[in-house]
Student: 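My questions will all concern the structure given below.
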Amino acid sequence: MRIVIKIGSSTLTHKSGKLNIRRVEQLCKIISDIKNEGHEIIMVSSGAIAMGVGKMNLSKKPDDVESKQALAAVGQCELMYVYDKLFSEYNHCVAQILVTGADLEDEVRRTNFQHTLYKLLEMNALPIINENDTIATSEIAVGDNDTLGAIVATNIQADLLILLSDIDGLYTADPHKDPNARLIHEVRVLDEEILSLAGGAGSELGTGGMQTKLNAAKLCMEHNCDMIIANGEKPENLYKIIEKEVVGTYFHAKKY
Ligand code: GLU
């Protein structure tokens, strides 16, 4: 299978913005193993800004664009350093790709992006994609990595997009507020009822929430790519997904 795995900031870092070492080590080990099994993996990783916050010892993510862009520049290096170090332990070679929304809207640049990705997969490298936050202001940005994950997955004909987040999946109500909230295991049609469940915002360090995840699901389902929202706090969920166990919320693509 060709699988895009999107990892959210809250999965990679503690609330302080510092790296969650145990989590990231487990994730890199399991992703390496899944690659060794023969699956093609592309990662979309958030965490640049969060890791910049941690590295510069700030108490919280700043609100102004310039500070966030500067922190992304600091944090992106740290992020790739960690991935390079951990994946190298399992003999996998990482490759960084940074894009903006404007790059992906431009036909020529999008085609270049696709060709590079296909070539990296052919070389058995592990592409790790993030938005180029240092230059992407709101006018040209994709804006969140759930959407970026879906754009990547649909541009390279992936079979599956996995969104690893700090929530188990899509619930019938906000599980932090409603004790009767139930996890929805399968979605075959994104109707108004499902879309109305998007509700609240995401974590403090990341950008996305359930709204961006459902937007990603819409894009994937329309382009023949399945999507799963699963909890990144349990990296072994990735094995379960590969073994077709029921994990999180599965969005079934329309099959043509
Ligand atoms: N590109 C952002 C970062 O690396 C994250 C965007 C998101 O959380 O969706 O910090």
Side-chain angles (χ1 to χ4, degrees), residues 4-20 23-24 27-28 42-84 94-104 113 127-154 161-167 198 200-220 227-233:
V4 176
I5 303 176
K6 181 263 173 173
I7 306 183
S9 302
S10 57
T11 300
L12 293 172
T13 58
H14 292 288
K15 288 202 168 58
S16 61
K18 301 270 187 208
L19 186 69
N20 186 330
R23 177 88 45 76
V24 176
L27 276 170
C28 293
I42 298 101
M43 285 168 61
V44 172
S45 180
S46 302
I49 299 174
M51 286 183 74
V53 169
K55 194 150 191 202
M56 301 311 269
N57 287 315
L58 303 183
S59 56
K60 67 184 214 15
K61 180 170 151 182
D63 295 320
D64 65 295
V65 176
E66 289 84 359
S67 301
K68 283 193 269 192
Q69 290 182 317
L71 290 170
V74 172
Q76 182 66 28
C77 298
E78 177 81 350
L79 192 59
M80 287 312 293
Y81 166 73
V82 169
Y83 281 136
D84 193 17
V94 298
Q96 170 186 270
I97 304 183
L98 299 177
V99 290
T100 63
D103 293 326
L104 298 168
F113 168 72
I128 303 184
I129 303 166
N130 196 359
E131 179 131 34
N132 195 352
D133 294 315
T134 56
I135 56 164
T137 49
S138 56
E139 300 79 54
I140 61 159
V142 175
D144 71 89
N145 277 357
D146 296 326
T147 309
L148 181 59
I151 293 174
V152 170
T154 53
L161 168 65
I162 303 173
L163 299 181
L164 289 182
S165 185
D166 55 358
I167 189 157
S203 69
E204 270 175 39
L205 284 166
T207 306
M210 201 43 82
Q211 185 70 61
T212 55
K213 290 177 179 50
L214 292 185
N215 292 345
K218 184 166 184 293
L219 192 63
C220 285
M227 191 189 100
I228 298 182
I229 302 172
N231 201 326
E233 282 165 24

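Whatever order the structure lists them in is the order used to number ligands and atoms, beginning at 1. For clarity, every value in this text was computed on a predicted model and none was experimentally measured.
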Student: In Å and rounded to the nearest 0.5 Å, what is the NZ to CG distance from Lys15 to Asp166?
Tutor: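 One gets 8.0 Å once the value is rounded to the nearest 0.5 Å.
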
Student: At the 4.0 Å heavy-atom cut-off, does Gly47 count as touching ligand 1?
Tutor: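 Gly47: in contact with ligand 1 (<4.0 Å).
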
Student: When you measure from atom 2 (C) of ligand 1 to each heavy atom in Ile49, Val142, Asp133, which option holds the nearest one?
Tutor: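 Nearest heavy atom to atom 2 (C) of ligand 1 lies in Asp133.
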
Student: Counting each atom of ligand 1 from 1 as listed, which ones have a heavy atom of Asp144 under 4.0 Å away?
Tutor: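 In order of number, 9 (O).
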
Student: Do Asn57 and Lys18 have side-chain N/O donor and acceptor atoms under 3.5 Å apart?
Tutor: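 Side chains of Asn57 and Lys18: pair found under 3.5 Å.
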
Student: Does one side chain, of Thr100 or Asp103, offer a donor that lies under 3.5 Å from an acceptor on the other?
Tutor: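 Side-chain D/A pair, Thr100 to Asp103: present.
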
Student: Does any non-hydrogen side-chain atom of Thr134 lie less than 4.5 Å from one of Gln76?
Tutor: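 They are not in side-chain contact.
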
Student: Check this for me - ligand 1, Ala48, N or O atoms closer than 3.5 angstrom, yes or no?
Tutor: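 Min N/O separation from ligand 1 is below 3.5 Å for Ala48.
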
Student: State whether the shortest distance between N or O atoms of Asn145 and N or O atoms of ligand 1 falls below 3.5 angstrom.
Tutor: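 Asn145 vs ligand 1: N/O contact under 3.5 Å present.
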
Student: Which of the listed options, Thr147, Ile7, Asn130, holds the heavy atom that is closest to atom 4 (O) of ligand 1?
Tutor: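 Considering heavy atoms of Thr147, Ile7, Asn130, the nearest to atom 4 (O) of ligand 1 sits in Asn130.
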
Student: Quick one: closest heavy-atom pair of Leu79 and Ser45, and the distance?
Tutor: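 Result for this residue pair: CD2-OG, 3.9 Å.
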
